*Asks:* 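To start, I am sharing the structure in question, which I have written as structure tokens.
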Amino acid sequence: MVAALVFFLIGVRFYRRQGPLGSPFIRVAQVFAAAVRKRRLVEENYGICFEDGVRNLVRTKEFRFLDKAMILDGKDASMTTRNPWRLCSLNQVEEVKLVLRLIPLWMTCFAFSVVQAQLSTFFTKQSSTIDRQIGQHFQLPPASLLICFGLVVAAFVVIYDRALVPLASKLTGHPSGITVLTRIGIGHLLSILAMIVAARIEGRRVRIAIENGLVDKPKAIVAMRIWWLLPQYLILGVADSFIIVGLQELFYDQMPEGLRSIGAAAYISAVGIGSFISSAIISVVQGISSRYGQKWLVDNLNHAHLDYFYWVIAGLCSLNLCIFVWIAKGFSYKKISDQDDDKKRKSESLDGA
């Protein structure tokens with residue numbers, strides 16, 4: 001801690017501070033306000049607003065209602081300065097569209113966060129019921145396998161960048177090997193596999209407990225080594241390196257520059273929301289299972305049906321993967337228009353105005 005404090009104090013002297021440039025949410029609100037104001041205008045009768053001195057984003061066909069925010073009518077043309085609440089540029093409108101296109105993809109990551117929430121809850125509780133002894137004098141803590149999860153994430157990120165990307169690039173011709181959305185989709189698929197493996201292993205643990213007469217002994221140790229739980233941690237670690245890193249890359253690359261800090265924090269908020277959703281799923285499962293017999297999730301795991309719960313999460317994640325694939329197929333990546341196209345469009349806009 002002392003060394004960390006020393007390095008922090010040294011680094012503070014070289015830290016570059018940048019003053020606030022205004023809230024990025026205001027630019028989003030301006031587009032909606034301008035679009036509402038000009039909702040009755042027809043674009044063919046007017047020009048549109050471009051920004052001078054910057055490369056313009058390629059115009060997209062999604063959310064066409066927002067395009068009305070950049071219509072340059074007679075009132076706008078007569079003003080000496082542009083009213084940002086009445087007239088927005090093409091770039092500003094397309095930036096808002098980028099945000100709207102990313103929101104559904106961000107929401108599909110909630111399912112993975114639900115899976116990730118099991119790491120520090122039921123995965124750890126599973127570990128506490130099985131044999132964790134190493135040698136005669138040492139016993140692993142129940143949460144010790146979380147170290148393996150972290151190590152897999154750190155190692156696989158390096159393996160992916162140094163080995164898998166060059167190999168995939170030769171096969172696909174894509175600079176990154178595979179697209180960011182493909183990377184996230186693979187992570188979703190692996191998270192489903194992790195829950196299936198966890199469900200099968202939990203089923204085996206319960207069968208061993210029943211065979212040894214340990215059902216009514218919640219504190220008894222089941223004759224099953226802790227290493228049986230290792231596969232679900234390893235698979236989930238690989239899935240994390242696909243989804244979380246892919247999500248960060250997607251938001252940093254596709255988010256407007258003014259909103260990149262929010263994009264970088266998007267995956268953290270997804271983890272928090274996923275934890276709330278996990279709690280909600282547990283409440284629903286408990287309520288439904290109690291109506292038709294015993295609750296699935298009780299303190300005595302030998303009496304519980306934790307494997308059923310894992311199967312439910314696997315099913316929900318499978319449905320989420322289908323939704324993700326459907327959204328990803330219609331996703332449009334950010335594109336910058338050529339200078340010649342910009343000049344042509346500006347000329348057409350001036351002719352229309």
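What you see is a predicted model; the values in this text were computed from it and never measured. Just so you know, these numbers use all the heavy atoms, side chains as well, and skip hydrogens, waters and symmetry mates.
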*Asks:* Evaluate the side-chain proximity of T182 to T179: yes if any heavy-atom separation is below 4.5 Å, no if none is.
*Replies:* yes
*Asks:* If you look at every heavy atom in L98 and Q254, which pair is closest and at what distance?
*Replies:* CD1-O, 3.3 Å
*Asks:* Same cluster or not: are V158 and L167 linked, directly or through other Ile, Leu, Val, Met, Phe, Trp or Tyr residues, by side-chain heavy atoms under 4.5 angstrom apart?
*Replies:* no
*Asks:* Do you know the tightest heavy-atom contact between G287 and S290?
*Replies:* O-OG, 2.8 Å
*Asks:* State whether the number of non-hydrogen atoms from other residues, nucleotides or ligands found under 6.0 Å of R86 atom CZ is greater than 12.
*Replies:* yes
*Asks:* Measuring centre to centre across the rings, with the benzene-like ring taken for any Trp, is F63 within less than 6.0 Å of F65?
*Replies:* no
*Asks:* Is it true that I208 and I221 fall in one hydrophobic cluster, defined by side-chain heavy atoms closer than 4.5 Å?
*Replies:* no
*Asks:* Verify the neighbour count for atom CZ of F276: are there more than 12 heavy atoms of other residues, nucleotides or ligands below 6.0 Å?
*Replies:* no
*Asks:* Looking at CD of Q232 and CZ of F149, how far apart are the two atoms once the value is rounded to the nearest 0.5 Å?
*Replies:* 12.0 Å
*Asks:* CD1 of I192 to CG of L321: how many Å apart, nearest 0.5 Å?
*Replies:* 4.5 Å
*Asks:* Answer yes or no on whether R205 is positioned over the face of W228, meaning its NZ or CZ is under 6.0 Å from the six-membered ring centre and within 45° of the axis.
*Replies:* no
*Asks:* Answer whether the closest heavy-atom distance between the side chains of V238 and Y160 falls below 4.5 Å.
*Replies:* no
*Asks:* How about T60 and E94: does a side-chain donor come under 3.5 Å of a side-chain acceptor?
*Replies:* yes
*Asks:* Take a 6.0 Å sphere around CH2 of W106 and say whether it holds more than 12 heavy atoms from other residues, nucleotides or ligands.
*Replies:* yes
*Asks:* Can you give me the closest heavy-atom contact between C317 and V115, atom names plus distance?
*Replies:* SG-CG2, 3.4 Å
*Asks:* For T124 and L119, indicate whether the former's side chain and the latter's backbone hold a donor-acceptor pair under 3.5 Å.
*Replies:* yes
*Asks:* Using ring centroids (six-membered ring only for Trp), state whether W296 and Y308 fall under 6.0 Å.
*Replies:* yes
*Asks:* Check the hydrophobic clustering (I, L, V, M, F, W, Y; side-chain heavy atoms under 4.5 Å; chains of links allowed) and say if V215 and L297 are grouped together.
*Replies:* no
*Asks:* To the nearest 0.5 Å, tell me how far W227 CH2 sits from I130 CD1.
*Replies:* 10.0 Å
*Asks:* Report yes if some heavy atom in the side chain of N212 is under 4.5 Å from a heavy atom in the side chain of V222; otherwise report no.
*Replies:* no
*Asks:* To the nearest 0.5 Å, what is the distance between CD (Q118) and OH (Y310)?
*Replies:* 6.0 Å
*Asks:* Are side-chain heavy atoms of I282 and S279 found at a separation under 4.5 Å?
*Replies:* no
*Asks:* Using only atom types and a distance under 3.5 Å, with no angle test, would you say the side chain of R183 pairs donor to acceptor with the backbone of S241?
*Replies:* yes
*Asks:* Before you tell me yes or no, could you show the steps for R37 and N83 under side-chain contact (heavy atoms from CB on, under 4.5 Å), namely the whole-Å CA-CA distance, both residues' side-chain angles and the distance that decides it to 0.1 Å?
*Replies:* CA-CA 12 Å; R37 281 187 171 186; N83 180 2; 3.7 Å; yes
*Asks:* What I want to find out is whether D67 reaches K97 closely enough, with some N-O distance under 4.0 Å, to be called a salt bridge.
*Replies:* yes
*Asks:* Let's go through D299 and K219 carefully: what are the C-alpha distance in whole Å and the side-chain angles of both, what is the deciding distance for salt bridge (charged side-chain N to carboxylate O under 4.0 Å, His left out) to 0.1 Å, and is it a yes or a no?
*Replies:* CA-CA 10 Å; D299 291 336; K219 295 185 179 180; over 6 Å; no
*Asks:* Are V245 and I178 grouped together when hydrophobic residues (ILVMFWY) are joined by side-chain heavy atoms under 4.5 angstrom apart?
*Replies:* no
*Asks:* Apply side-chain contact (heavy atoms from CB on, under 4.5 Å) to residues S127 and Y233 and explain how you reach the verdict.
*Replies:* CA-CA 12 Å; S127 302; Y233 281 89; 3.9 Å; yes
*Asks:* Before giving the answer on side-chain contact (heavy atoms from CB on, under 4.5 Å), spell out for K38 and K75 the whole-Å C-alpha distance, their side-chain angles and the decisive distance to 0.1 Å.
*Replies:* CA-CA 11 Å; K38 298 179 178 178; K75 187 174 181 179; over 6 Å; no
*Asks:* Within a radius of less than 6.0 Å around CG of L164, do more than 12 heavy atoms belonging to other residues, nucleotides or ligands occur?
*Replies:* yes
*Asks:* Would you compute the distance between atom CG of D131 and atom CZ of R225 and round it to the nearest 0.5 angstrom?
*Replies:* 4.5 Å
*Asks:* With clusters defined by side-chain heavy atoms of hydrophobic residues (ILVMFWY) lying less than 4.5 Å apart, directly or transitively, does L151 cluster with L190?
*Replies:* no
*Asks:* What pair of heavy atoms forms the shortest contact from S128 to K125, and how long is it?
*Replies:* OG-O, 2.6 Å
*Asks:* Could you tell me whether E95 and R27 make a salt bridge, using a distance below 4.0 angstrom between a side-chain N and a carboxylate O?
*Replies:* yes
*Asks:* Specify whether F242 and F156 have parallel, tilted or perpendicular ring planes, treating 30° as the upper limit for parallel and 60° as the lower limit for perpendicular.
*Replies:* tilted
*Asks:* What I'd like to find out is whether the side chain of V36 reaches to under 4.5 Å of the side chain of K68, using heavy atoms alone.
*Replies:* no
*Asks:* Could you check whether any side-chain heavy atom of L250 comes within less than 4.5 Å of a side-chain heavy atom of L102, counting everything from C-beta outward?
*Replies:* yes
*Asks:* Quick one about S275 and S278 (side-chain donor to acceptor, distance below 3.5 Å, no hydrogens or angles considered), yes or no?
*Replies:* no
*Asks:* Just wondering, do L66 and L100 contact through their side chains at under 4.5 Å, heavy atoms?
*Replies:* yes
*Asks:* Step by step, work out the side-chain contact (heavy atoms from CB on, under 4.5 Å) result for I103 and M107.
*Replies:* CA-CA 6 Å; I103 289 176; M107 294 177 67; 4.0 Å; yes
*Asks:* Where the side chain of Q294 meets the backbone of A304, is there a donor-acceptor pair that is under 3.5 Å apart?
*Replies:* no
*Asks:* Measure across L247 and C109 and return the closest heavy-atom pair with its distance rounded to 0.1 Å.
*Replies:* CD1-SG, 3.8 Å
*Asks:* Look at the side chain of S191 and the backbone N and O of A239, then say whether any donor-acceptor pair between them is shorter than 3.5 Å.
*Replies:* no
*Asks:* Where do F324 and L105 come nearest, in terms of heavy atoms and distance?
*Replies:* CE1-CD2, 3.8 Å
*Asks:* State, yes or no, whether a side-chain contact exists between F110 and N320 at a heavy-atom distance under 4.5 Å.
*Replies:* no
*Asks:* How many angstroms lie between CH2 in W311 and OG in S318, if you round to the nearest 0.5 Å?
*Replies:* 9.5 Å
